[in-house]
2 protein chains.
Amino acid sequence: MIDLLQHGSPSLIDLISDELWRQLQAIGTVERYQDGQMIHMRGDEKPGITVVLDGRVMIGLQGSEGTFLTSSVMGRGQCFGEFTLFAGLPRTHDISAIGETQVLQIKGKPFLALFNAEPSLSHALLTINVYRTHGLLEFLDDLRRLPLPVHVAKFLLSMSESASNKKEIQCNQEVLAFNFGVSRISIGKALKKLEATGLIEVGYGKIAITDHPQLRRWVEQRCPVSALRASRVNSTSQ
Amino acid sequence: MIDLLQHGSPSLIDLISDELWRQLQAIGTVERYQDGQMIHMRGDEKPGITVVLDGRVMIGLQGSEGTFLTSSVMGRGQCFGEFTLFAGLPRTHDISAIGETQVLQIKGKPFLALFNAEPSLSHALLTINVYRTHGLLEFLDDLRRLPLPVHVAKFLLSMSESASNKKEIQCNQEVLAFNFGVSRISIGKALKKLEATGLIEVGYGKIAITDHPQLRRWVEQRCPVSALRASRVNSTSQ
DNA sequence: GCTAGAATGCAAACTTTTATACATTTGGGT
DNA sequence: ACCCAAATGTATAAAAGTTTGCATTCTAGC
């Protein structure tokens with residue numbers, strides 16, 4: 001799954017202890033949603049944290065006539081809503097379910113109470129947000145500095161690391177194009193260019209990385225700084 | 001000052017109590033740097049938080065040919081280094097002083113101790129990072145969706161709010177161009193277009209907003225959520 | 001197997017952006 | 001008041017990206 005917020009950032013469930021996770025579940029309520037159902041709407045005033053338990057949620061903005069512009073997609077363990085809690089502002093995005101989805105909904109007050117009592121929870125939240133900030137900054141940097149094919153290659157590498165199948169990334173070119181803010185045609189050209197090196201293979205709704213280490217080297221040679229970071233995620237949980 | 005990380009996000013000093021600020025100062029050490037002096041280097045392993053006390057710091061990457069590519073500039077009250085603490089990775093950027101600069105350097109261990117004992121500190125840090133994430137996401141969204149002149153206008157508006165002088169933004173076109181990832185020429189054209197509306201005035205190393213509310217309306221007319229491009233980029237399921 | 005819908009490939013005309021080069025303007029410093 | 005480096009304006013060719021339209025390929029579902 002292609003995503004700017006999620007990619008590279010660890011999940012809340014992975015970052016906290018089983019005990020703390022149980023506590024969170026105790027103060028929250030499980031909600032079930034059908035495919036396409038709205039979970040939150042832009043402008044909602046109720047602050048709270050949501051954790052995806054099962055399925056996926058789509059974060060974006062509802063356009064006119066049912067069109068939806070996605071900013072982010074989150075899967076199991078990912079959480080969102082921190083902005084309503086820590087910035088004290090209403091929801092900035094619409095959030096809806098992809099497929100049958102279960103989420104844990106935790107209201108602002110009980111969450112903050114636990115947050116104040118459990119440093120490991122704030123530690124985990126901070127870790128997530130620090131990774132998100134960092135990932136976004138780096139993506140933006142690359143957007144400004146790298147030619148499209150190189151940037152795409154780098155992104156594919158980093159996606160493949162958090163994917164279930166390391167060799168193959170499940171995404172169509174249109175979604176990819178939107179992430180990079182360019183047209184499908186441009187992405188197509190960039191992918192063709194990469195394919196010509198023999199390091200990736202463009203499929204139908206998927207992209208395969210045929211030679212991982214070689215592609216990494218190819219990207220590193222083309223980055224102005226040796227900017228490809230090791231993706232070592234050591235959860236500093238206590 | 002033009003900056004993606006800082007703009008819109010509150011400063012640490014503003015977010016915490018005087019008492020907590022004193023405690024932070026007690027466990028940190030004040031360091032002084034001359035203009036251009038290095039404060040941290042990419043790759044440094046020492047984790048810690050730094051708070052700018054006076055002057056400014058430049059966060060960026062040393063390019064291949066001795067050039068410095070700025071990612072961010074931070075002023076009094078802003079803090080950085082959370083990534084070294086909460087992601088457990090070495091410094092990802094070079095950081096150097098702009099002008100005579102004082103910073104409060106707090107080592108990882110004492111900071112985390114205070115962090116664990118004081119929920120208001122973690123609350124403040126989270127607030128900062130949540131704002132940063134949000135600001136970056138929105139900027140990225142605008143980059144993909146808005147024509148350059150509209151995006152520039154929106155950015156100028158948001159900059160002017162955190163500027164010392166609300167009517168005038170101190171920045172040259174080259175810096176602006178880098179922030180948007182386009183050439184100086186493109187920014188120049190966009191600014192000329194905006195100037196033609198009479199809502200801003202382009203000066204030498206500065207941009208003046210002549211009619212704040214009118215410019216705001218001008219931007220809103222051109223990027224309402226309801227009028228987003230009706231592209232079928234994202235279907236409800238994959 | 002078929003088939004329909006989705007995804008991709010491709011080409012031509014086009015718009016936008018870039019790079020380059022140079023002229024002009026500005027404003028701080030001596 | 002002058003000088004000069006920095007910032008901006010402008011022009012043109014080249015490169016990159018977009019739009020449009022349609023052909024082709026793939027795959028899930030019957």
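Small disclaimer: the values here were computed from a predicted structure and weren't measured. The sequence lines fix the lettering, A, B, ..., with proteins before strands; numbering per chain opens at 1.
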Separation of atom CD1 in B:Ile187 from atom C1' in D:dT10, rounded to whole Å: 17 Å
To the nearest Å, how far apart are A:Ile207 CD1 and D:dC26 P? 16 Å
Rounded distance (Å) that lies between atom P of C:dG27 and atom CD of B:Glu168: 10 Å
Over how many whole Å does the gap from A:Glu174 atom CD to D:dT19 atom P extend? 12 Å
Could you tell me how far apart A:Arg144 (CZ) and C:dT17 (P) are, to the nearest whole angstrom? 17 Å
Any side-chain N or O of B:Ser186 below 4.0 angstrom from OP1/OP2 of C:dT18? yes
Closest to the side chain of A:Tyr204, out of D:dG9, D:dC26, D:dT20, is D:dC26
Using atom types as modelled and distance alone, determine if a side-chain donor or acceptor of B:Arg184 lies under 3.5 Å from a backbone N or O of B:Gln173. no
Interatomic distance where CG belongs to A:Leu143 and P belongs to C:dT17 [whole Å]: 14 Å
Between A:Val202 and A:Lys189, which is nearer to the 5' end of DNA chain C once each is assigned its nearest nucleotide? A:Val202
Taking CZ from B:Phe178 and P from C:dA19, how many angstroms apart are they, rounded to a whole number? 13 Å
A:Ile185 has a side chain; which of C:dC10, C:dT17, D:dA11 sits nearest to it? C:dC10
Compare the minimum distances between each of D:dG21, C:dA19, D:dT18 and the side chain of A:Arg184, then state the nucleotide with the smallest one. D:dG21
Distance in angstrom units between A:Gln170 CD and C:dT8 P, rounded: 11 Å
Separation of B:Thr210 OG1 from B:Ile207 CD1 (nearest 0.5 Å): 12.0 Å
Under 4.0 Å between any heavy atoms, over every strand shown, what does A:Gly205 touch: base, sugar-phosphate, or nothing? Just pick one. sugar-phosphate
Does the ring of A:Trp218 carry A:Arg222 above it, NZ/CZ under 6.0 angstrom from centre and within 45° of its axis? yes
Could you walk me through whether A:Glu138 and A:Lys154 pass the salt bridge (charged side-chain N to carboxylate O under 4.0 Å, His left out) test, one step at a time? CA-CA 11 Å; A:Glu138 184 171 344; A:Lys154 182 174 174 184; 3.0 Å; yes
B:Phe139 ring center near B:His151 ring center (under 6.0 Å): yes
Side chain of A:Gln173 only, please: which of C:dG9, D:dT8, D:dT18 is the nearest? C:dG9
Just to be sure I understand the rule, does B:Lys192 reach a base, reach only the sugar-phosphate, or reach nothing, if contact means heavy atoms closer than 4.0 Å? sugar-phosphate
